[in-house]
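Structure record follows, encoded as structure tokens.
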2 protein chains.
Amino acid sequence: MRKRDTVRRTTAKEVAAAAGVSKWTVIRAFTPGSSITEESKRRVMEAAAALNYSPNLLARSLATNSTRQVAVFVDDFRNPQKLPFLETLTERLQAAGLVVMLININNHFDHVHALLHADQRQVDAVILFGTAFRDETLADRKLGHGMPPMFVLARDSQIEGVPAVVCDAELALREIVDHLHEKGYRRPGFMSGATALSTALRRRQHFTDFWAEKGVDKIELLSAEKYSAEAGATSVHEYLSRTAPAERVDVLMCENDILALGAMDEIRGKFGLRVPEDIAIVGFDNYELGGSSAYSLTTYEQPRFEMVEAIIGMIVGTTEAETVTLPGKMIIRNST
Amino acid sequence: MRKRDTVRRTTAKEVAAAAGVSKWTVIRAFTPGSSITEESKRRVMEAAAALNYSPNLLARSLATNSTRQVAVFVDDFRNPQKLPFLETLTERLQAAGLVVMLININNHFDHVHALLHADQRQVDAVILFGTAFRDETLADRKLGHGMPPMFVLARDSQIEGVPAVVCDAELALREIVDHLHEKGYRRPGFMSGATALSTALRRRQHFTDFWAEKGVDKIELLSAEKYSAEAGATSVHEYLSRTAPAERVDVLMCENDILALGAMDEIRGKFGLRVPEDIAIVGFDNYELGGSSAYSLTTYEQPRFEMVEAIIGMIVGTTEAETVTLPGKMIIRNST
DNA sequence: CACCTGCTTGCACCCGGTAGCAAGACTTTT
DNA sequence: AAAAGTCTTGCTACCGGGTGCAAGCAGGTG
């Protein structure tokens with residue numbers, strides 16, 4: 001590793017010497033609310049500006065036991081939805097004086113590794129951003145009890161004492177089903193991606209429950225291999241191939257927009273069917289491309305900003321740390 | 001800020017007391033290659049395991065003047081291409097024992113702020129990942145000369161002494177033009193996004209140059225407002241509306257896949273034209289959705305892995321720090 | 001003018017490691 | 001058995017700040 005010892009940063013001690021005060025006075029000048037005369041502060045600031053001094057946050061963190069760094073764990077970079085969330089997360093955390101340490105959870109660097117690492121780096125909090133974190137992981141004996149506080153973002157928390165911030169799936173699916181019912185659809189289908197995820201299962205469950213309330217019990221269940229346009233296309237292809245036109249669903253809700261876009265392309269391109277006339281499509285996440293006129297996909301937007309604000313509130317301690325469920329927003333377009 | 005003082009991490013001194021040695025012996029047990037007997041090491045490790053000790057990287061960083069943290073600046077989260085790059089960056093950096101500090105450059109947190117912050121945090125390097133960083137910024141008098149080493153990723157470096165790692169645009173455009181010429185296209189068009197970016201201009205320039213070499217001098221230039229499917233659609237819509245069918249281009253190269261997808265949808269959906277029969281389309285970046293059967297977009301893939309490896313090589317010092325241009329890969333599909 | 005009060009300032013010590021020296025223990029050589 | 005050499009171990013000093021206490025100094029009061 002190339003070290004940075006070529007040009008050393010100036011220290012409080014050096015500024016002190018230049019300003020003719022002690023290093024503690026320099027530190028006070030940089031500590032809001034500490035007792036120091038205007039005169040000394042001015043002299044210190046002048047010397048600091050001349051020497052290009054700024055406090056070393058590493059040393060401060062060591063002394064104060066607070067790094068103002070938040071580790072964000074991500075284990076699936078395939079979902080384009082991660083990007084706007086990362087944007088909001090970094091932006092809001094930076095506004096709160098915090099900074100993001102982005103950790104890629106993968107086969108070579110699992111949750112236990114990552115947690116130990118985050119702990120060694122003394123992060124103030126860990127955000128599990130949609131990662132498949134299981135309870136057992138925490139039971140790992142290598143993990144002591146001094147771990148940094150953890151929060152789950154955009155996924156249910158599987159872990160006792162770890163709060164989650166999620167979009168209200170019940171409300172979302174109720175709104176969606178209400179809308180579809182109102183539009184006259186009666187033969188609904190649901191396409192899932194990973195059926196092992198609780199968040200995914202919950203959406204499907206609400207979908208079937210609310211249709212049941214409306215007297216519709218038959219829900220066609222499709223499943224895609226993974227969350228990709230190709231998988232969505234394959235899944236709907238398989239379904240349409242084996243189902244006679246009269247038997248087909250009149251509306252297909254896909255677990256997220258990527259699946260929906262893939263399905264839509266397949267329905268129109270390969271089968272020559274019209275959306276929404278032959279089959280209506282609904283997605284989830286309001287992914288940008290879905291808004292273009294070619295797709296005009298009806299979807300549901302998670303309250304990104306509010307979710308991020310909520311999690312930050314808990315991290316900085318202005319809000320009590322407990323699971324929060326926030327309402328999102330239905331985006332009705334031409335695909336339904 | 002909620003502090004972590006509830007459960008303090010155990011320190012080397014505490015382990016030392018438990019193991020009946022001095023704290024320096026404990027540290028040696030955790031420092032590969034230092035002189036320590038098997039016996040002492042075993043005792044230390046036992047005590048450490050019992051007390052759940054691991055070295056505090058903050059303190060280590062302070063003492064060694066090396067944090068093994070790399071700041072990554074991103075200023076445009078709209079480009080979906082960022083996500084796979086972030087995945088590769090985090091993965092490879094973690095494999096090299098480094099960790100990513102993700103900084104969002106925006107109106108409230110500009111390059112100067114971010115650099116000062118990164119410097120205060122003592123990062124080992126700064127990666128300007130496709131950000132619009134200009135030379136003048138560095139001239140800011142607040143920026144001293146002890147700044148961390150900087151590297152530009154996926155964009156030309158505008159700054160003296162700051163190396164860049166980029167995809168070879170000349171080679172890429174040559175391959176693309178060769179391919180199109182061979183396929184028999186003779187009336188090419190080029191759609192740009194932001195015309196202010198040197199990287200963008202360069203692609204366009206090579207495109208026109210190589211066509212000129214083949215005796216084709218007339219290049220239709222379209223321009224989109226920004227890099228979005230909608231903007232691509234709008235741009236191509238405007239072009240097709242004002243151009244008689246006989247006058248139209250037979251192939252349109254778009255500066256990136258997002259523009260290409262938007263353009264393709266518009267060409268097919270709104271104008272009822274066929275791709276590639278009426279107009280062929282080429283993109284850039286090999287964005288996942290372009291590979292789906294509905295689009296089957298011919299495009300060009302940047303050598304993500306190699307680019308990231310190259311930049312890491314420079315950061316850790318195994319490679320000399322100088323601008324590197326790497327060859328990408330042409331992906332020929334059905335849109336040409 | 002002595003005394004009290006309150007704000008400034010300097011100081012010793014601390015955060016949890018690292019570097020390099022020197023003393024101690026143990027081994028090998030003569 | 002003494003001298004020389006090697007490996008271990010502890011120690012001092014240091015990285016660059018933060019904390020709480022006590023001394024220094026000003027102004028106001030009796």
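Note that this is a predicted model, so its numbers are computed, not measured. Side-chain atoms are counted along with the backbone in the values below, which use heavy atoms only and exclude waters and symmetry mates.
- Between the side chains of B:Arg60 and A:Gln120, no donor-acceptor pair is found at a separation under 3.5 Å.
- Dashed line: the shortest gap from a side-chain N or O of B:Arg8 to OP1 or OP2 of C:dG16 is under 4.0 Å.
- Side-chain proximity of A:Asn56 to the nucleotides D:dG17, D:dG10, C:dG17 is greatest for D:dG17.
- Checked by atom type, the side-chain pair A:Ser54/A:Arg9 shows a donor-acceptor distance below 3.5 Å.
- Residue A:Tyr53 is classed as a sugar-phosphate contact, given heavy-atom separations below 4.0 Å to backbone atoms only.
- Distances shown here put every side-chain N or O of B:Thr64 at or beyond 4.0 Å from the OP1 or OP2 atom of C:dA19.
- Each of C:dT9, C:dG17, D:dG17 was ranked by its minimum atom distance to the side chain of A:Thr25; first place goes to C:dT9.
- Computed from coordinates, the B:Arg60 CZ to D:dG17 P distance equals 21 Å when rounded to whole Å.
- The CZ-P distance, from A:Arg43 to C:dT8, rounds to 15 Å in whole Å.
- Aromatic pair A:Phe73/A:Phe133: ring centres not closer than 6.0 Å.
- With rounding to whole Å, A:Asn65 atom CG is found 14 Å from D:dT19 atom C1'.
- Checking D:dT9, C:dT9, C:dT18 against every side-chain atom of A:Ser40, the shortest atom distance belongs to C:dT9.
- If you measure from atom CG of B:Leu58 to atom P of D:dG18, you get 13 Å, rounded to the nearest angstrom.
- Note on B:Leu62: a base of the nucleic acid sits closer than 4.0 angstrom, heavy atoms only.
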Steps toward side chain to side chain donor-acceptor pair (under 3.5 Å) verdict (B:Asn104, A:Thr90): CA-CA 6 Å; B:Asn104 183 341; A:Thr90 46; 3.1 Å; yes
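- Closest-nucleotide positions on DNA chain D for A:Thr11 and B:Lys23 were compared, and the one nearer the 5' end corresponds to B:Lys23.
- Phosphate contact (OP1/OP2 of D:dT9, side-chain N/O of B:Ser35, threshold under 4.0 Å): absent.
- Between A:Thr37 and C:dT9 there is a side-chain polar atom (N or O) within less than 4.0 angstrom of OP1 or OP2.
- Regarding contacts with the backbone of D:dC11, every side-chain N or O of B:Ser22 stays at 4.0 angstrom or more from both OP1 and OP2.
- Counting distance only, with no hydrogens placed and no angle test, the side-chain atoms of B:Arg28 and the base atoms of D:dG10 include a donor-acceptor pair under 3.5 Å.
- Remark: A:Lys82 fails to qualify as a cation-pi partner of A:Phe77 under the 6.0 Å distance and 45° angle criteria applied to the six-membered ring.
- Spacing between atom CH2 of B:Trp24 and atom P of C:dG16 amounts to 15 Å, rounded to whole angstrom units.
- Nucleic acid contact for A:Ser61: none, since no nucleic acid atom lies under 4.0 Å from a heavy atom of the residue.
- With salt bridges taken as basic N to acidic carboxylate O contacts below 4.0 Å, none links A:Glu38 and A:Arg42.
- D:dT9 atom C1' lies 16 Å from atom NZ of B:Lys41, rounded to whole Å.
- In this structure, A:Gln120 atom CD and C:dG16 atom P are separated by 14 Å, rounded to whole Å.
- Among the heavy atoms of the strands lying under 4.0 Å from B:Ile27 is at least one base atom, whether or not backbone atoms are also near.
- Counting to the nearest Å, the P atom of D:dG17 and the CD atom of A:Glu14 are 9 Å from each other.
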